[in-house]
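Quick caveat, the model's predicted, so the values are computed rather than measured.
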Amino acid sequence: MIQDQNQLLYSKIKRGDEDAFNHVFNLYYSRLCFFADHMLHDFDLCRSIVQDVFVDIWINRESLDIHFSMKSFLFQSVKNKAMNVLKHRKVESRFIDEQKKKDEPFSTQDLIEEAELNDKINSAIHELPPKCKEIFILCRFEELRYSEIADRLNISVKTVEMQISIALKKIRQKLIDYQIIQLFIFTLLRKK
Amino acid sequence: MESENEHIELLISKKLSGHATGEEAAELEYLTTLDPEIRKLYETSQRAWMNAHYPFTPAAIKADREKIKEKIIKKLSIPAKRSVYSRFLYRAAAGLTVPLLIAGGWYWGSHSSSSSEQTMSTITAPQGQIAECVLADGTHVWLNSASTIRYDPALAGKKRVVHLNGEAYFKVAKMPDRPFIVNTAEMQVKVLGTSFNVRAYSDEDQTSAILEEGSIELQFESSKGISPVKLTPGECASFQKDGEKLLVENTETYLHTAWRDGKYIFKDADLETIIRQLEKLYDIHIHLKNNSQRDRRFRGAFEYKKQNVFDALETIERTTSLKYRVEGRNIWLE
């Protein structure tokens with residue numbers, strides 16, 4: 001079913017259907033950026049290379065030849081671009097070192113799963129109530145102390161504490177829903 | 001029960017954000033060993049906390065979708081075909097000039113002129129268009145709107161000479177023993193292998209050269225009494241036609257070469273300069289009736305492939321007190 005839908009999108013894009021292209025963009029863009037970021041650790045650069053992958057797909061759409069799914073094609077293309085950047089950087093990046101240590105080609109599948117998790121958390125953060133979201137971002141990403149956040153927003157430390165715990169609870173809830181779905185798909189596949 | 005849950009949630013979030021006191025951390029640890037449910041709660045929270053990436057906002061994602069559109073337009077309008085065709089044609093037609101299409105607007109023709117001159121090739125970018133071509137020696141030339149180059153198609157001889165009227169960007173193929181020379185009405189640019197921009201419109205008060213990489217030398221007719229000047233990358237030399245003076249200064253080269261990407265970038269430009277630019281781009285005449293804005297300086301960018309002249313005029317209206325009125329190809333700003 002999922003495969004069929006993908007096939008449909010792919011042939012629509014081949015025919016120059018911009019809605020199908022937009023659909024694929026909305027479905028995968030942020031995930032692909034997170035995915036690349038696990039390799040490059042430079043988010044702006046990642047956005048740029050993922051954009052380039054979409055540019056190439058559209059420009060070469062007529063000669064597009066996708067053997068598996070749209071999804072694996074996208075992730076593989078982004079990975080290739082990211083690996084090129086790493087080669088270009090010449091400096092042995094931390095990532096490549098880690099790869100060598102592991103003594104096995106790093107698993108695209110693992111990175112895809114991590115990226116999907118990042119993406120899920122990202123949308124969960126954006127679904128938080130505005131104030132709650134603001135406080136969570138200040139704490140988690142700006143790394144401000146509770147007291148600093150309280151000062152900045154002119155609220156009590158107690159409120160900050162409460163909001164952070166509410167944010168975390170809501171994000172976790174989204175994650176649990178997601179894991180249930182994942183588990184569900186997993187069992188389905190195993191039954192086959 | 002309610003408040004006990006709340007208490008555990010607080011402990012978890014404090015622990016993860018590094019705000020838990022020693023006592024609180026110990027309590028949480030005790031609770032997680034005691035109750036597998038609480039342990040699971042803590043572990044899922046930890047996953048959420050650790051895997052949270054700096055927010056990628058829906059607005060940023062939307063902006064990136066636009067960016068993709070821009071990149072596609074840019075790629076389709078300039079380089080895609082060049083890489084294939086230029087090499088192929090260049091080899092196939094060795095010794096001939098190979099003009100290439102961009103955005104649909106160039107024409108060329110070789111015209112044999114008066115007996116004294118050998119057969120010269122001419123490439124012109126019409127008003128509002130950019131033309132791009134590869135010369136027989138592999139030199140890449142981008143011609144800006146309303147600009148013409150004229151040259152011997154074989155580029156034979158000790159020097160490779162190109163005559164320019166207007167503005168062009170050159171990426172010169174390296175040939176140390178055969179200097180490349182750009183001749184303009186006012187000055188000569190001598191090159192060994194490098195990238196630079198020359199602006200020499202006959203209807204403007206100055207002629208300028210901007211060097212992006214490599215080195216170039218500017219030469220003037222002996223009557224002007226200016227000795228040759230060597231530029232280093234990042235420098236802009238402008239020759240004032242009326243006072244016959246040369247000014248060399250450091251510049252942001254992209255300001256001068258952005259036109260190749262279909263953009264004009266203004267930085268501290270006066271209205272007069274902007275208006276002259278719009279006239280060149282759109283083949284129109286703009287009459288500035290009121291000079292009160294003469295001393296104001298503007299900065300901004302204008303993408304003329306995507307925006308039309310009215311977008312530009314409206315921006316001028318918004319930032320100045322001037323209003324525009326259109327009569328055919330004449331536009332009055334007052």
Side-chain angles (χ1 to χ4, degrees), chain A residues 18 21-22 25-26 29-31 33-34 37-38 43 47-48 50-60 114-115 117-126 133 136-137 139-147 157-158 160-176 179, chain B residues 2-21 24 28 37-84:
Chain A
E18 209 177 326
F21 184 72
N22 278 332
F25 173 86
N26 291 333
Y29 183 71
S30 53
R31 265 190 268 174
C33 292
F34 291 129
D37 202 37
H38 284 295
F43 200 60
R47 284 164 72 177
S48 176
V50 177
Q51 285 160 19
D52 291 344
V53 165
F54 278 96
V55 170
D56 291 347
I57 287 179
W58 186 255
I59 288 180
N60 304 319
E114 271 183 64
L117 188 60
N118 296 141
D119 194 41
K120 211 69 210 167
I121 297 169
N122 186 55
S123 14
I125 291 174
H126 289 295
K133 176 166 103 183
F136 182 77
I137 288 172
C139 171
R140 175 65 181 83
F141 302 106
E142 311 286 333
E143 296 183 21
L144 293 185
R145 306 293 303 167
Y146 284 1
S147 55
V157 173
K158 194 78 208 151
V160 177
E161 276 178 13
M162 282 306 295
Q163 290 297 322
I164 299 281
S165 80
I166 291 169
L168 199 57
K169 188 176 168 187
K170 290 194 184 221
I171 295 168
R172 197 184 58 217
Q173 194 55 50
K174 284 267 153 52
L175 218 57
I176 290 170
Q179 280 166 333
Chain B
E2 186 75 20
S3 77
E4 192 190 331
N5 273 342
E6 217 168 70
H7 178 66
I8 292 165
E9 293 284 355
L10 266 177
L11 283 181
I12 293 175
S13 56
K14 278 182 155 181
K15 172 83 169 94
L16 291 173
S17 65
H19 286 80
T21 62
E24 285 167 332
L28 183 63
E37 280 300 312
I38 295 177
R39 164 173 291 275
K40 219 176 136 198
L41 210 61
Y42 177 66
E43 280 170 357
T44 324
S45 301
Q46 197 177 25
R47 257 190 109 193
W49 183 269
M50 303 298 285
N51 286 287
H53 187 284
Y54 195 90
F56 194 15
T57 64
I61 294 172
K62 215 174 150 195
D64 286 3
R65 177 68 186 88
E66 289 305 308
K67 191 94 206 205
I68 290 174
K69 260 187 207 155
E70 273 173 39
K71 284 184 178 179
I72 290 173
I73 292 170
K74 194 172 156 183
K75 230 177 163 169
L76 287 179
S77 60
I78 312 172
K81 290 193 172 168
R82 179 182 76 211
S83 52
V84 183

request  = Under the side-chain contact (heavy atoms from CB on, under 4.5 Å) rule, what do B/R65 and A/F21 come out as? Steps first, then yes or no, please.
outcome  = CA-CA 11 Å; B/R65 177 68 186 88; A/F21 184 72; 3.4 Å; yes
note = Taken to the nearest 0.5 Å, the spacing of B/I68 CD1 from A/R47 CZ works out to 10.5 Å
task = Please examine the side chains of A/K158 and B/L10, heavy atoms only from C-beta on, and report whether any two atoms are closer than 4.5 Å.
result = yes
Verdict with reasoning, B/H53 to A/D119, per side-chain contact (heavy atoms from CB on, under 4.5 Å) = CA-CA 8 Å; B/H53 187 284; A/D119 194 41; over 6 Å; no
key: Counterpart residues, salt bridge (charged side-chain N to carboxylate O under 4.0 Å, His left out), relative to B/E9 (two or more places apart)   = A/R172
query = Checking B/H19 side chain against A/Y146 main chain: does a donor-acceptor pair fall under 3.5 Å?
reply = yes
ask   = Would the number of heavy atoms belonging to other residues, nucleotides or ligands and lying under 6.0 Å from CD of B/E37 be above 12?
value = no
note = Looking only at heavy atoms, the pair that brings A/Q51 and B/K67 closest together is OE1-CG, 3.2 Å
ask   = Taking everything shown except A/K133 itself, do over 12 heavy atoms lie less than 6.0 Å from its NZ?
value = yes
remark   = Of all heavy-atom pairs linking B/P55 and A/N122, the shortest is CA-OD1, 3.4 Å
message = Once you measure the plane-to-plane angle for B/F56 and A/Y29, does it fall in the parallel (<30°), tilted (30-60°) or perpendicular (>60°) bin?
response = tilted
ask   = More than 12 heavy atoms of other residues, nucleotides or ligands under 6.0 Å from OH of B/Y54: is that the case?
value = no
ask   = With only heavy atoms counted, which part of B/K62 is less than 4.5 Å from chain A, the side chain, the backbone, both or neither?
value = neither
query = For the candidates B/N51, B/T44, B/D64, which exhibits the highest count of non-hydrogen atom pairs separated by less than 4.5 Å from chain A?
reply = B/D64
message = Between B/L11 and chain A, with a heavy-atom cut-off of 4.5 Å, which part of the residue counts as in contact: side chain, backbone, both or neither?
response = neither
task = Would you give the length of the straight line joining atom OG of A/S165 to atom CG of B/N5, rounded to the nearest 0.5 angstrom?
result = 11.0 Å
key: Expected output: side-chain B/K71 to main-chain A/S48 donor-acceptor under 3.5 Å   = yes
ask   = Would B/I61 and A/F25 count as a side-chain contact (heavy atoms from CB on, under 4.5 Å) if you check the C-alpha gap in whole Å, the side-chain angles of each, and the deciding distance to 0.1 Å?
value = CA-CA 10 Å; B/I61 294 172; A/F25 173 86; 3.8 Å; yes
